[in-house]
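Heads up, the thing below is written out as structure tokens.
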Amino acid sequence: MNRGRLVLFEGLDRTGKTTQSNILLERLKPNATLIKFPERSTEIGAVIDRYLKDKTFELPDQAVHLLFSANRWEMAERIKQLLLQGTHVVLDRYVYSGVAYSAAKHTDRMDRTWCLQPDRGLPRPDLTIFLTSDDAENELRAGFGEERYEKSEFQQEVKRQFVEVFKALEDSSHEEKLVHVVNVTGKSVEEVAKVVWDLVEPVVTLPTDSTYSELLYF
Ligand code: FDM
Ligand code: MG
């Protein structure tokens with residue numbers, strides 16, 4: 001049986017990840033599941049949710065980073081089982097967000113290499129779509145965001161970190177590119193969905209050959 005494919009949307013806040021994840025999910029249904037990180041409904045997710053919403057709730061940056069990673073590990077077995085039973089899994093944020101947001105804090109002795117370690121061994125997406133925008137920072141300035149991290153200067157640093165994380169995690173053992181950058185500036189939701197589908201379609205329709213038999217791992 002064909003294993004499912006793991007497709008990840010990454011990007012800054014307000015670039016349309018959640019919208020596009022939902023559109024893709026509808027297209028792939030019934031053979032697909034959407035998982036959003038942080039998964040706020042778990043025990044660990046509840047602490048993360050509080051940390052993001054309550055700016056008076058302080059935790060060391062290292063502890064927060066490990067909680068986000070632990071939250072992925074809470075879901076890792078389920079993701080694997082879904083893929084192995086032939087279900088496609090769409091992810092809204094994952095490892096790259098984990099490293100980019102934490103590394104953007106520039107906490108002493110908490111560099112990208114440190115940040116990457118706890119996620120080693122998690123299932124690696126067959127395709128990652130990085131949604132970027134030239135005006136995300138303006139939208140944030142206009143008062144869209146309420147949560148921690150939703151500040152334009154911090155978002156600019158996260159953007160810079162994402163680029164470095166993609167480089168650091170590039171896997172040259174694969175012939176096809178696993179990460180694609182899509183700039184959504186000036187594009188409608190439908191236009192972005194079209195670009196996304198053109199990237200996803202070949203990945204989900206290729207029969208299982210040597211390319212998609214084994215799961216990939218970070
Ligand atoms: N975020 C998300 C992190 O800092 N680390 C992570 O590992 C993940 C998955 O959480 F600011 C940040 C990114 C964002 C916040 O995400 C909540 P959503 O997508 O806005 O719910
Ligand atoms: Mg957000």
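Computed from a predicted model, the values in this text were never measured in an experiment. First listed ligand is number 1; within each ligand, the first listed atom is number 1.
Ligand 1 has no N or O atom lying under 3.5 Å from any N or O atom of Arg148, backbone or side chain. Between Arg93 and ligand 1, at least one N/O pair is under 3.5 Å apart.
Atoms of ligand 1 lying under 4.0 Å from at least one heavy atom of Phe37, given by number and element, are 9 (C). Numbered from 1 in the order shown, with element, the atoms of ligand 1 that lie under 4.0 Å from a heavy atom of Leu52 read 10 (O), 15 (C), 17 (C). Close contacts between ligand 1 and Arg72 involve ligand atoms 6 (C), 7 (O), 9 (C) [criterion: under 4.0 Å to a heavy atom]. For ligand 1, the atoms closer than 4.0 angstrom to any heavy atom of Lys36 are 18 (P), 19 (O), 21 (O).
Relative ring orientation between Trp114 and His65 is described as tilted, the plane-to-plane angle lying within the 30° to 60° band. In this structure, Phe218 and Tyr96 have perpendicular ring planes: the angle between them is above 60°, well past the 30° mark. Using the six-membered ring where Trp is involved, Tyr149 and Tyr101 have ring planes that are tilted, between 30° and 60° apart.
At the top of the distance list for atom 4 (O) of ligand 1, counting protein heavy atoms only, stands Tyr101 CB, 3.2 Å. In terms of protein heavy-atom proximity, atom 21 (O) of ligand 1 is closest to Arg40 NH2, 2.9 Å. Remark: minimum distance from atom 1 (N) of ligand 1 to any protein heavy atom is reached at Phe68 CE2, 3.5 Å. When hydrogens are left out, the protein atom nearest atom 20 (O) of ligand 1 is Asp13 OD2, 3.6 Å; that is the closest non-hydrogen contact.
Using a 4.0 Å cut-off between charged nitrogen and carboxylate oxygen, Glu58 and Arg148 count as a salt-bridge pair. The pair Arg93-Asp13 meets the salt-bridge criterion, with a side-chain N (NZ, NE, NH1 or NH2) lying under 4.0 Å from an Asp/Glu carboxylate O.
Taking the ring axis of Tyr212 as reference, the NZ or CZ atom of Arg5 stays within 45° of it and closer than 6.0 Å to the ring centre.
Between atom 12 (C) of ligand 1 and the options Phe154, Tyr149, Tyr51, the minimum heavy-atom separation is to Tyr149.
Residues Ser213 and Arg3 form no side-chain contact, since every pair of their non-hydrogen atoms from C-beta on lies 4.5 Å or further apart. In this structure, Ile23 and Glu190 have side chains that are not in contact, with every pair of non-hydrogen atoms separated by 4.5 Å or more.
Atom-to-atom distance recorded for Ile48:CD1 and Thr42:OG1 is 6.5 Å, nearest 0.5 angstrom.
Residue Lys17 places every heavy atom at 4.0 Å or more from ligand 1.
Counting backbone and side-chain atoms alike, Asp13 contributes an N/O/S atom closer than 2.8 Å to the Mg ion (ligand 2).
With a 4.0 Å heavy-atom cut-off, ligand 1 is reached by no atom of Ile48.
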